[in-house]
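Notes for the one structure printed next.
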Amino acid sequence: MDHCCGHKRQELEALALHSAQRRVLAAVLIVNLAMFFIEFGAGIVAHSSALQADAVDMLGDAIVYGLSLWAVNRGARWEAGAALAKGLLILAFFVFIVVEVFSKLIHGVPPSSGLMLGFGAIALVANLVCLALLWRFRSLNINMKSTFECSRNDVTANIGVLVAAGGVALTGSGWPDIAAGAVIALLFLKSALGVIGEAWPAWRAAVKYLRN
């Protein structure tokens with residue numbers, strides 16, 4: 001009897017945890033999707049590669065959180081598969097930002113440092129809120145770990161945008177903005193390789209286990 005009740009209690013606790021994960025992932029998905037439209041629009045108006053790169057990161061994260069939400073409670077194979085998809089998506093955004101940076105090198109004009117500072121600060125606050133929401137789940141499983149990794153990278157990218165805005169304001173040049181966009185792109189690459197490197201073996205192991 002005690003064993004049965006204990007087992008049932010563990011099942012209820014697991015269900016409650018999955019429900020909490022879903023609520024958090026849904027909240028951070030909405031925040032990131034809204035911030036993509038706000039920050040990307042500001043990046044176009046401000047002619048800022050850094051703001052646009054950061055906005056694309058927001059869109060990527062919204063998709064990442066959607067994948068994470070979909071993978072919750074679907075088992076190790078689906079969680080690892082979702083993490084692998086996130087890594088490939090981050091890699092695709094790295095390529096996009098590299099193209100944007102090269103375009104700015106050829107055709108760019110100095111961006112508006114005021115808009116960069118204002119919207120960069122708003123994005124930083126949004127990502128800090130997301131990071132706080134995800135904190136308790138950061139080591140729960142490979143799915144949530146990769147999700148937390150994306151949010152942590154966002155905070156670093158936001159700080160880079162603010163530093164670039166200060167550099168643009170001080171120098172009147174677009175080079176700090178271009179440099180920040182390049183650094184964010186490299187951050188994407190590092191994150192993508194890390195997530196893929198961890199997710200690929202986990203996915204193969206889960207597939208092998210199911211086949212056996």
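- Of the possible polar contacts, one joining the D177 side chain to the A50 backbone as a donor-acceptor pair under 3.5 Å is found.
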(message) side chain to side chain contact (heavy atoms under 4.5 Å, CB included) for M35 and D54? Distances and angles first, verdict last.
(response) CA-CA 10 Å; M35 282 305 305; D54 199 38; over 6 Å; no

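- Linking Ile, Leu, Val, Met, Phe, Trp and Tyr residues whenever their side-chain heavy atoms come within less than 4.5 Å places V28 and F37 in a single cluster.
- In this structure, I44 is a member of the same hydrophobic cluster as I178, with clusters built from ILVMFWY side-chain heavy atoms closer than 4.5 Å.
- Between C130 and N32, the shortest heavy-atom contact is SG-ND2, 3.4 Å.
- In terms of hydrophobic clustering, with Ile, Leu, Val, Met, Phe, Trp and Tyr side chains grouped at heavy-atom distances under 4.5 Å, L88 and L186 are assigned to different clusters.
- Closest heavy-atom contact between V98 and A185: CG2-CB, 4.2 Å.
- The two residues P111 and V168 make their nearest non-hydrogen contact at O-CG1, 3.6 Å.
- With values rounded to the nearest 0.5 angstrom, I122 atom CD1 is found 12.5 Å from N127 atom CG.
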(request) Please test V161 against I184 for side chain to side chain contact (heavy atoms under 4.5 Å, CB included), starting from the C-alpha separation and ending with a verdict. (result) CA-CA 9 Å; V161 171; I184 292 173; 4.1 Å; yes

(request) Please assess L131 against F148 for the test side chain to side chain contact (heavy atoms under 4.5 Å, CB included), listing each intermediate value before the final yes or no. (result) CA-CA 7 Å; L131 198 66; F148 180 80; 3.5 Å; yes

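- Follow the hydrophobic side-chain contacts under 4.5 Å out from L51 and you never reach V183; the two are in separate clusters.
- Rounded to the nearest 0.5 angstrom, W135 CH2 and R152 CZ are separated by 8.5 Å.
- Across all their heavy atoms, E39 and F119 have their closest contact at OE2-O, 4.4 Å.
- Atoms CZ and CG, from F96 and L91 in turn, are 14.5 Å apart once rounded to the nearest 0.5 Å.
- One distance of note links CZ of F102 with OG of S49; it measures 12.0 Å at 0.5 Å rounding.
- P176 approaches A164 most closely through the heavy-atom pair O-CB, 3.4 Å.
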(request) Tell me, with the steps shown, if M58 and V31 meet side chain to side chain contact (heavy atoms under 4.5 Å, CB included). (result) CA-CA 9 Å; M58 290 283 196; V31 170; over 6 Å; no

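- Here the shortest heavy-atom pairing between L162 and A121 reads CD2-N, 3.5 Å.
- Placement of I159 and M116 within a single hydrophobic cluster is found when ILVMFWY residues are connected by side-chain heavy-atom separations under 4.5 Å, directly or transitively.
- In this structure, OG1 in T171 is found 11.5 Å from CH2 in W175, a value given to the nearest 0.5 Å.
- Here the straight-line distance linking atom CG of L33 with atom CG of L29 works out to 6.5 Å at 0.5 Å rounding.
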